[in-house]
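Encoded as structure tokens, the structure appears first; notes follow it.
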Amino acid sequence: MNKYKSMRILLPLLGLMLLLPSPIVQADIIENRLATGTVLSADFHAGKPQLPAIILLHGFLQTRDFPTVTRLAEGLSTAGYTTLVPTLSLGISRRAKSLPCEAAHRHTLDQDVAEIASWINWLAKRHPGPIIFIGHSYGSLQGLVYASATPHPALQQLIALSLIDTERHPPNASVADLLAQAKAGVARGDKRLVDFAIGHCTKFTATPKSYLSYANWDRKRVLDLSRKSRVPVHVVIGDEDNRMGKDWPQALSTAGVRVDKIKGANHFFDAEYEFDLLDLILGLLKNPKS
């Protein structure tokens, strides 16, 4: 085969390769040991130092492999941002699987927030610029609790995807009974596992302390937190997300929170809406006050 014939074969192949999508940015798996001995794990990708670093947190009982956060992390990493995507331990070292509602839950939201603090401290030591926190669903609530206390000075903004409270919508009278039962259990030091209900879990098997640490965050407390946050809060909601009721965006806006809606998106921003979400987030990162 002469060299000209070889080139005629190779050139179309090279053109095809150029048309193929870029490979997904690969992240490193890192570990972070708490003083309690629990080993935390996360996906980390170092990006451009002049851009903010992004920490992304999954929702209730999930892991960093949950599609809403992994897709967004991949898009942000490809755009050059440093990304850190941890898995909350929920009391299990190197937890790699989501926990079912019926598992034995002894973890608390305070422990989750302590892990967020540990990861932000870890990231701040390795990245020279500001840090942005992006949480999904319960991850947004946990980030908001952290941001309303004593957040790290490097934390510049909190972007809350599908921010929730832990009330039932529409309200369910049995919730008051569960809360009263849990408070009585905590008061007498009861550490037994009891079947409660919270969020999507119709049977949440937990200690009274564990259940109460999450269930106490009703709508009023979440709105109060939004007002008291020490960093700007920006909420992104799909307009087809019906978990919180139609009045939720207006309630947040009244509390002074900026709210953006993605038309057609649900609670998870899946299918084609993942691209709308990425475009919106990239815009917020470039123009946080716009």
Side-chain angles (χ1 to χ4, degrees), residues 24-45 54-77 83-120 122-123 133-143 145-146 160-164 166 191-215 217 243 266-271 274 277:
I24 294 175
V25 177
Q26 294 297 316
D28 296 322
I29 298 176
I30 57 166
E31 293 188 345
N32 182 10
R33 185 179 294 271
L34 298 179
T36 59
T38 302
V39 179
L40 311 179
S41 61
D43 288 342
F44 175 71
H45 178 269
I54 317 296
I55 178 169
L56 300 100
L57 188 64
H58 58 80
F60 196 50
L61 308 183
Q62 301 300 321
T63 71
R64 63 180 179 271
D65 293 325
F66 194 75
T68 302
V69 293
T70 57
R71 289 191 302 257
L72 187 54
E74 288 168 1
L76 293 172
S77 296
T83 57
L84 177 68
V85 193
T87 293
L88 294 176
S89 74
L90 307 184
I92 302 170
S93 286
R94 301 182 178 92
R95 185 172 69 88
K97 296 180 179 179
S98 61
L99 289 186
C101 298
E102 300 83 4
H105 298 286
R106 295 181 173 87
H107 51 88
T108 66
L109 187 137
D110 289 342
Q111 292 168 342
D112 300 338
V113 173
E115 292 185 16
I116 291 172
S118 178
W119 279 121
I120 290 181
W122 183 95
L123 186 56
F133 183 97
I134 301 177
H136 175 247
S137 195
Y138 271 79
S140 292
L141 172 58
Q142 290 156 335
V145 174
Y146 169 79
L161 310 180
S162 304
L163 176 65
I164 63 166
T166 56
K191 297 181 181 180
R192 292 176 298 174
L193 295 168
V194 181
D195 289 340
F196 295 99
I198 188 170
H200 67 278
C201 294
T202 57
K203 181 182 178 183
F204 181 64
T205 306
T207 63
K209 182 178 180 180
S210 174
Y211 166 74
L212 201 59
S213 74
Y214 296 99
W217 293 100
R243 294 193 176 199
N266 61 17
H267 191 72
F268 305 105
F269 306 96
D270 51 12
E274 67 181 84
L277 178 62

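Hydrogens, waters and symmetry mates are skipped; everything else that's a heavy atom, side chains included, is used. Keep in mind that what you see is a predicted model, and the values were worked out from it rather than measured.
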Inset, instruction - Check whether any side-chain heavy atom of Phe269 lies under 4.5 Å from a side-chain heavy atom of Leu72, and answer yes or no. - result: no

Legend entry - Minimal non-hydrogen separation, Leu141 against Leu163, with atom names: N-CD1, 3.7 Å

Inset, instruction - Report the C-alpha distance between Ile116 and Gln142 in whole Å, list the side-chain angles of each, state the deciding distance to 0.1 Å, and finish with yes or no for side chain to side chain contact (heavy atoms under 4.5 Å, CB included). - result: CA-CA 8 Å; Ile116 291 172; Gln142 290 156 335; 3.8 Å; yes

Legend entry - Heavy-atom pair of closest approach, residues Gly37 and Ser93: O-OG, 4.1 Å

Legend entry - His58 side chain near His136 side chain, heavy-atom distance below 4.5 Å: no

Legend entry - Contact check, side chains of Asn32 and Ser118, non-hydrogen atoms, under 4.5 Å: yes

Legend entry - With Thr205 via side chain to side chain donor-acceptor pair (under 3.5 Å) - residues at least two apart: Asp195

Legend entry - Flag side-chain contact, heavy atom, 4.5 Å: Lys203 against Cys101: no

Legend entry - Flag for Asp112-Tyr214: side-chain donor and acceptor within less than 3.5 Å: yes

Inset, instruction - May I have all residue pairs that pass salt bridge (charged side-chain N to carboxylate O under 4.0 Å, His left out) and include part of residues 100-110, sequence neighbours excluded? - result: none

Inset, instruction - Dump the intermediate steps for ring pair (Phe, Tyr, Trp, His ring centres under 6.0 Å) on Tyr146 and Phe133, then the final yes or no. - result: CA-CA 10 Å; Tyr146 169 79; Phe133 183 97; 7.3 Å; no

Inset, instruction - State whether the side chain of Arg94 and the backbone N or O of Ser89 hold a donor-acceptor pair below 3.5 Å, judged by distance alone. - result: no

Legend entry - Pro86 versus Ala42, closest heavy-atom pair with distance: CA-CB, 3.4 Å

Inset, instruction - Check whether any side-chain heavy atom of Leu61 sits under 4.5 Å from a side-chain heavy atom of His105, and report yes or no. - result: yes

Legend entry - Value rounded to 0.5 Å, distance of OG1 in Thr38 from CD1 in Ile92: 10.0 Å

Inset, instruction - Could you tell me if the ring centre of Trp122 sits under 6.0 Å from that of Phe44? - result: yes

Legend entry - Stepwise side chain to side chain contact (heavy atoms under 4.5 Å, CB included) check, Arg71 with Leu277: CA-CA 10 Å; Arg71 289 191 302 257; Leu277 178 62; over 6 Å; no

Legend entry - Residues His107, Ser213; criterion side chain to side chain contact (heavy atoms under 4.5 Å, CB included); working and verdict: CA-CA 9 Å; His107 51 88; Ser213 74; over 6 Å; no

Inset, instruction - Say whether Thr83 and Ser77, considering side chains only, have a donor N or O and an acceptor N or O under 3.5 Å apart. - result: yes

Inset, instruction - Indicate whether the side chain of Ser41 and that of Arg64 have a donor and an acceptor atom separated by less than 3.5 Å. - result: yes

Inset, instruction - Please examine the side chains of Leu84 and Ile54, heavy atoms only from C-beta on, and report whether any two atoms are closer than 4.5 Å. - result: no

Inset, instruction - Kindly compute the distance separating CG (Leu34) from CD (Gln111), expressed to the nearest 0.5 Å. - result: 9.5 Å

Legend entry - Main-chain N/O of Arg192 paired to Thr207 side chain as donor or acceptor, under 3.5 Å: no

Legend entry - Spatial distance of atom CG (Leu90) from atom OG1 (Thr108) [nearest 0.5 Å]: 10.0 Å

Inset, instruction - Walk me through it: do Phe60 and Phe204 pass the test ring pair (Phe, Tyr, Trp, His ring centres under 6.0 Å)? - result: CA-CA 12 Å; Phe60 196 50; Phe204 181 64; 5.7 Å; yes

Legend entry - Backbone N/O of Gly139 and side chain of Ser137: donor-acceptor pair under 3.5 Å: no

Inset, instruction - Enter the distance from Leu88:CG to Trp119:CH2 here, rounded to the nearest 0.5 Å. - result: 10.5 Å

Inset, instruction - Evaluate side chain to side chain contact (heavy atoms under 4.5 Å, CB included) for Leu109 paired with Ser210, printing each intermediate quantity in order. - result: CA-CA 8 Å; Leu109 187 137; Ser210 174; over 6 Å; no

Legend entry - Thr166 (side chain) donor-acceptor with Ala215 (main chain) under 3.5 angstrom: yes

Legend entry - Atom pair CD1/CG of Ile134 and Leu161 - distance to nearest 0.5 Å: 6.5 Å

Legend entry - Heavy-atom pair with the smallest gap, counting every atom of Glu115 and Thr87: OE1-O, 4.3 Å

